[in-house]
Amino acid sequence: MAPVAQRPRGTQDILPAEQLYWQEMTGAAEAIAIARGYQRIDTPIFEATALFVRSAGETSDVVTKEMYTFPDRGGRSMTLRPEGTAPVVRAYFDAGLDRERQPVRLYYLGPFFRYDRPQAGRYRQFHQFGVEAIGDAAPGLDVEVIALGWRWFASLRVSGVSLQVNSIGDATCRPRYREALRDYFRPYLDALSENDRSRFERNPLRLLDSKDPDAVALQASAPRTLDFLCDACRRAFAEVEGGLQQGGIPYVVNARLVRGLDYYTRTAFEFWHESLSGAQNSLGGGGRYDGLAADLGYRDTPGVGFALGLERTATILKSREIGPSLYAIAVDDSAFPLMQQLAEELRTRGVAVIADVSTARLDAKLGRASKMHARLALLVGLQEDPVDHVTLRDLRLKKQESIHRDRVLPRVLEMLAAPPVGAA
Ligand code: AMP
């Protein structure tokens with residue numbers, strides 16, 4: 001007999017073998033966000049449809065083709081959330097966070113839904129790590145947000161990430177830029193696709209991210225946003241660039257990077273990855289959305305944030321040959337707090353640590369550590385250890401030692417500095 005149902009198209013099971021990567025991504029997200037004063041927020045999986053129609057724009061692909069919209073039993077139109085920013089901004093005002101000390105720093109992790117055509121890197125249910133810093137227009141906050149994303153990839157040791165940044169101006173300078181774009185594309189209108197002709201009318205900035213070959217051919221010589229910035233936007237962009245340079249964060253100015261909606265202002269950025277090709281090469285992105293709150297019917301309030309895709313990041317983690325530097329294991333519940341504390345101390349010193357938070361048996365945890373190609377394992381709570389001691393095991397040399405908990409950090413740094421076996 002055939003099974004009555006199959007997994008819906010465009011969805012995935014995250015199987016036990018993959019959970020470690022997910023734990024690594026969400027663990028790093030929480031640690032990095034919390035260390036910078038970002039607090040977690042969870043909003044409902046579905047919202048009133050109007051929230052997304054307004055925030056994504058009635059004519060956007062998301063709204064016209066990709067939303068999971070349904071009437072509930074009371075006849076109200078509901079939509080499975082396709083993105084996180086509009087719900088977070090709604091919650092910020094609903095909960096009165098706008099009356100607290102600004103900016104309010106929030107992060108979220110969870111599933112999102114878009115009725116996309118499923119393909120590699122594109123699913124109907126996918127997950128994002130996002131942050132939003134609301135209530136402050138300072139460019140330093142843009143830098144903080146970008147740096148947080150950058151740190152996340154770094155702590156996962158995802159290399160080959162390219163940070164692309166641009167400024168798309170604001171209500172003062174964008175109208176002039178929009179007209180310059182129209183002037184540029186107007187002579188070629190007949191050659192453009194129907195879709196691009198309607199972009200020309202409604203929102204010419206979107207011609208810059210059209211994938212249609214006729215538009216793509218014209219993009220290279222199109223006017224650049226940066227040449228049209230007003231003084232205030234120009235100063236803000238210089239501050240963002242300065243902040244990134246000061247923070248040692250490499251970036252590429254990409255004048256083609258745009259956001260198609262009016263409420264986006266100034267900074268726009270994306271994290272690209274060399275291994276992802278074509279339209280799906282972005283691990284995530286974000287920017288400033290100073291006009292969003294007012295568009296949603298709230299008091300004018302600036303904000304900046306990003307959303308990073310976990311499925312695409314997981315693909316890269318899986319292809320990575322090197323494992324974490326250290327895999328931390330608590331032998332029983334009572335050892336858990338010390339294990340977490342040591343893991344955190346090591347992380348702050350730049351050691352990539354995965355803390356096993358499961359209740360699996362010790363040998364199962366050690367099995368995972370070697371499967372993930374971890375260099376060292378930290379075992380907390382072994383009976384044979386003297387009081388206040390833990391065990392450090394070198395998983396390649398297959399040697400272990402019992403050391404005082406205060407000695408863990410220097411000893412780990414020492415062991416990691418030694419060349420791994422085989423690399424002479
Ligand atoms: P966006 O909200 O469209 O800017 O998307 C931000 C990031 O979320 C993208 O760069 C992807 O990594 C991820 N993402 C967006 N849509 C999908 C999807 N349909 N399937 C998988 N990941 C997605």
Side-chain angles (χ1 to χ4, degrees), residues 7-14 18 21-22 25-26 29 43 45 47 51-52 55-57 60-68 79-89 107-132 145-146 148-150 152-153 156 158 160-166 168 205-206 208-209 211 254 256-261 263-264 267-289 292 303-319:
R7 178 161 51 81
R9 226 163 100 75
T11 64
Q12 300 192 99
D13 299 309
I14 306 172
E18 285 177 29
Y21 298 107
W22 285 76
M25 290 188 290
T26 54
T43 62
I45 296 293
E47 297 266 1
L51 182 69
F52 302 115
S55 61
S60 67
D61 285 353
V62 168
V63 169
T64 54
K65 302 195 289 242
E66 297 175 1
M67 290 204 317
Y68 276 93
T79 294
L80 300 185
R81 59 184 194 180
E83 60 97 24
T85 305
V88 168
V89 169
Y107 77 92
Y108 59 84
L109 283 160
F112 293 87
F113 307 85
R114 292 183 200 170
Y115 197 82
D116 270 344
R117 191 170 62 79
Q119 50 189 300
R122 202 157 271 278
Y123 307 100
R124 290 183 174 171
Q125 173 171 339
F126 58 97
H127 297 76
Q128 290 184 332
F129 162 42
V131 310
E132 314 290 352
V145 164
I146 296 172
L148 202 159
W150 182 261
W152 185 63
F153 291 118
L156 295 172
V158 171
V161 177
S162 161
L163 167 62
Q164 310 272 315
V165 296
N166 192 23
I168 56 170
L205 262 73
R206 297 230 22 227
L208 294 179
D209 55 25
K211 304 285 183 284
N254 178 348
R256 310 264 158 264
L257 195 70
V258 290
R259 306 252 135 185
L261 296 160
Y263 63 77
Y264 283 113
T267 314
F269 60 94
E270 281 187 14
F271 295 99
W272 290 0
H273 195 265
E274 58 190 14
S275 75
L276 304 171
S277 59
Q280 266 68 253
N281 70 345
S282 178
L283 291 174
R288 209 162 242 297
Y289 46 84
L292 177 60
V304 58
F306 67 58
L308 308 178
L310 299 194
E311 279 77 4
R312 291 185 200 170
T313 306
T315 308
I316 295 167
L317 294 187
K318 281 184 233 167
S319 67

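Side chains are part of it too, since the values below use all heavy atoms of this structure and drop only hydrogens, waters and symmetry mates. Counting starts at 1 for both ligands and their atoms, following the listed order. Position 1 is the first residue of the sequence; numbering continues from there.
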**Student:** Report the nearest protein non-hydrogen atom to atom 1 (P) of ligand 1: residue, atom name, distance rounded to 0.1 Å.
**Tutor:**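 The closest one turns out to be Arg114 NH2, 3.7 Å.
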**Student:** How close do Glu311 and Gln12 get, heavy atom to heavy atom, and via which atoms?
**Tutor:**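 For Glu311 and Gln12, the tightest heavy-atom pair comes out as CG-NE2, 3.4 Å.
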**Student:** Just by distance, do the side chain of Glu270 and the backbone of Trp272 share a donor-acceptor pair under 3.5 Å?
**Tutor:**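 Not at all, since once roles are kept as given, no pair shorter than 3.5 Å links the two residues.
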**Student:** Report the nearest protein non-hydrogen atom to atom 20 (N) of ligand 1: residue, atom name, distance rounded to 0.1 Å.
**Tutor:**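 Of the protein heavy atoms, Tyr123 N, 2.8 Å lies nearest.
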**Student:** Side chain to side chain contact (heavy atoms under 4.5 Å, CB included), that's the test. Do Arg117 and Arg122 meet it? Break it down for me.
**Tutor:** CA-CA 7 Å; Arg117 191 170 62 79; Arg122 202 157 271 278; over 6 Å; no
**Student:** Which is closest to atom 21 (C) of ligand 1 by heavy-atom distance: Pro118, Gly285, Gly121?
**Tutor:**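 The residue whose heavy atom sits nearest atom 21 (C) of ligand 1 is Gly121.
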**Student:** What is the ring orientation for Phe112 with Phe126, classed by angle as parallel under 30°, tilted 30 to 60°, or perpendicular over 60°?
**Tutor:**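 Geometry flag for Phe126 against Phe112: tilted rings.
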**Student:** Would you mind running through ligand 1 and noting each atom that sits below 4.0 Å from a heavy atom of Ala307?
**Tutor:**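 Under 4.0 Å from Ala307, ligand 1 has these atoms: 6 (C), 7 (C).
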**Student:** For ligand 1, note which part of Leu283 has a heavy atom under 4.0 Å away: side chain, backbone, both or neither.
**Tutor:**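 Backbone only.
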**Student:** Counting each atom of ligand 1 from 1 as listed, which ones have a heavy atom of Phe126 under 4.0 Å away?
**Tutor:**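 That gives atoms 14 (N), 15 (C), 16 (N), 17 (C), 18 (C), 19 (N), 20 (N), 21 (C), 22 (N), 23 (C) of ligand 1.
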**Student:** What are the atoms of ligand 1, with element, lying closer than 4.0 Å to any heavy atom of Gly309?
**Tutor:**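 Once the distances to Gly309 are compared, the set is 7 (C), 8 (O), 12 (O), 13 (C).
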**Student:** Quick one: nearest non-hydrogen protein atom to atom 4 (O) of ligand 1, plus distance?
**Tutor:**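 Protein heavy atom at minimum distance: Arg259 NH1, 4.4 Å.
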**Student:** With a 3.5 Å cut-off and no angle check, do the side chains of Ser162 and Glu274 form a donor-acceptor pair?
**Tutor:**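 Judged by distance alone, the side chains do not pair up.
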**Student:** At under 4.0 Å between heavy atoms, is it the side chain or the backbone of Gln128 that contacts ligand 1, or both, or neither?
**Tutor:**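 Under 4.0 Å from ligand 1, Gln128 contributes side-chain atoms alone.
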**Student:** Of all the atoms in ligand 1, which lie at a distance below 4.0 Å from a heavy atom belonging to Gly284?
**Tutor:**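 With Gly284 as reference, the close atoms of ligand 1 come out as 7 (C), 10 (O).
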**Student:** For the pair Trp152 (side chain) and Met25 (backbone), establish whether a donor and an acceptor sit closer than 3.5 Å, ignoring hydrogens and angles.
**Tutor:**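 Checked: pair present.
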**Student:** Using ring centroids (six-membered ring only for Trp), state whether Tyr68 and Tyr115 fall under 6.0 Å.
**Tutor:**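 Yes, the ring centres sit under 6.0 Å apart.
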**Student:** Quick one: does Glu83 get within less than 4.0 Å of ligand 1, heavy atoms only?
**Tutor:**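 Outside the 4.0 Å threshold, so no.
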**Student:** Could you tell me whether the side chain of Thr79 and the main chain of Arg81 form a donor-acceptor pair under 3.5 Å?
**Tutor:**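 No; judged by distance alone, with no hydrogens or angles, the pair does not exist.
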**Student:** Hey, is Glu311 one of the residues with a heavy atom under 4.0 angstrom from ligand 1?
**Tutor:**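 Not so, Glu311 does not reach ligand 1.
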